[in-house]
Amino acid sequence: MTAAAPVPAPASVLGLAPVLPVAVLSEASDAVPLARALVAGGLPAIEVTLRTDAALDAIRAVAAEVPEAVVGAGTVLSPALARAAVRAGARFLVSPGWTDPLLEALRETGLPFLPGVSTVSEVMALLEHGVREMKFFPAQAAGGAPYLRSLASPLPGARFCPTGGIGPETAPAYLALPNVGCVGGSWMLPPDALARRDWGRVAELARGAARLRSGAAPA
Ligand SMILES: O=C(O)C(=O)C[C@H](O)[C@H](O)COP(=O)(O)O
């Protein structure tokens with residue numbers, strides 16, 4: 001048997017899809033059907049948060065079994081977690097914030113990554129480090145779309161994936177901004193649907209999310 005060709009890393013996280021689903025999985029065995037449901041609904045990029053013991057196995061399973069998905073790791077809080085996520089097959093890395101050692105480790109992976117910011121000075125510091133794509137977290141609590149709109153003129157080099165408290169009603173206002181590449185959120189993965197393993201419901205919610213564009217009404 002010939003070894004499978006390595007999957008190329010995406011060039012940019014913000015360019016993957018307008019909506020980045022954020023999955024918190026307690027059972028790794030849910031990862032593959034969940035990823036397939038999201039892909040079927042039109043959302044190929046999936047961030048699996050490293051908040052649960054099942055997360056690395058979940059990433060490994062999606063990377064191996066759902067080639068049409070682009071699976072990444074979220075909640076990458078340390079250099080060790082960044083390296084573990086790469087070993088599991090993550091193709092991008094996301095963190096709610098950043099430190100100098102974490103930034104160095106994220107760069108060393110060679111994968112695209114989104115460090116988190118919520119203040120102007122954090123954005124400026126990342127730009128000084130040559131990082132232009134960032135997660136804006138926690139988006140709604142930190143000021144929402146009006147806050148990000150205010151950053152566009154003074155900091156035109158920064159582009160964001162706002163995440164945290166966003167739903168289908170609030171996503172279009174972010175997607176209308178020139179400095180937003182995609183929005184992240186878990187609204188298409190409601191805990192009750194996951195508990196019932198209702199993948200049809202997940203696919204339906206993903207379909208609605210995939211239709212969201214700037215100014216579009218929620219499906
Ligand atoms: O775990 C992380 O790394 C985080 O930064 C938090 C997540 O991105 C949010 O929990 C997702 O936002 P919700 O759509 O409000 O669920």
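Since we're looking at a predicted model, the values are computed, not measured. Values below: all heavy atoms of this structure, side chains included; hydrogens, waters and symmetry mates excluded. In each ligand, atom 1 is the first atom listed, and ligand 1 is the first ligand listed.
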Compile the donor-acceptor pairs under 3.5 Å between side chains in residues 182-190 and protein atoms, sequence neighbours left out, one pair per line.
none

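- Put simply, L16 and V39 are part of two different groups of oily side chains (I, L, V, M, F, W, Y) that touch within less than 4.5 Å, one to the next.
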Write out each pair where an N or O from ligand 1 and one from the protein are under 3.5 Å apart, with the distance.
{"from": "ligand 1", "atom 1": "1 (O)", "to": "R51", "atom 2": "NE", "distance (Å)": "3.0"}
{"from": "ligand 1", "atom 1": "1 (O)", "to": "R51", "atom 2": "NH2", "distance (Å)": "3.0"}
{"from": "ligand 1", "atom 1": "1 (O)", "to": "T75", "atom 2": "OG1", "distance (Å)": "2.7"}
{"from": "ligand 1", "atom 1": "3 (O)", "to": "T75", "atom 2": "N", "distance (Å)": "3.1"}
{"from": "ligand 1", "atom 1": "3 (O)", "to": "T75", "atom 2": "OG1", "distance (Å)": "2.9"}
{"from": "ligand 1", "atom 1": "5 (O)", "to": "K135", "atom 2": "NZ", "distance (Å)": "2.8"}
{"from": "ligand 1", "atom 1": "8 (O)", "to": "K135", "atom 2": "NZ", "distance (Å)": "2.8"}
{"from": "ligand 1", "atom 1": "10 (O)", "to": "R51", "atom 2": "NH2", "distance (Å)": "2.8"}
{"from": "ligand 1", "atom 1": "14 (O)", "to": "S186", "atom 2": "N", "distance (Å)": "3.0"}
{"from": "ligand 1", "atom 1": "14 (O)", "to": "S186", "atom 2": "OG", "distance (Å)": "3.2"}
{"from": "ligand 1", "atom 1": "15 (O)", "to": "G165", "atom 2": "N", "distance (Å)": "2.7"}
{"from": "ligand 1", "atom 1": "16 (O)", "to": "S186", "atom 2": "OG", "distance (Å)": "2.6"}

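- Shown here are the side chain to side chain donor-acceptor pair (under 3.5 Å) partners of R60, two or more places apart in sequence or in another chain: D57.
- Counting heavy-atom neighbours within 6.0 Å of R36 CZ, excluding the residue itself, gives a total above 12.
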Could you pull out every donor-acceptor pair under 3.5 Å between side chains of residues 148-162 and any protein atom, sequence neighbours left out?
{"from": "S150", "atom 1": "OG", "to": "P146", "atom 2": "O", "distance (Å)": "2.9"}

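- Between E204 and R201, at least one side-chain nitrogen of the basic residue sits less than 4.0 Å from a carboxylate oxygen of the acidic one, meeting the salt-bridge criterion.
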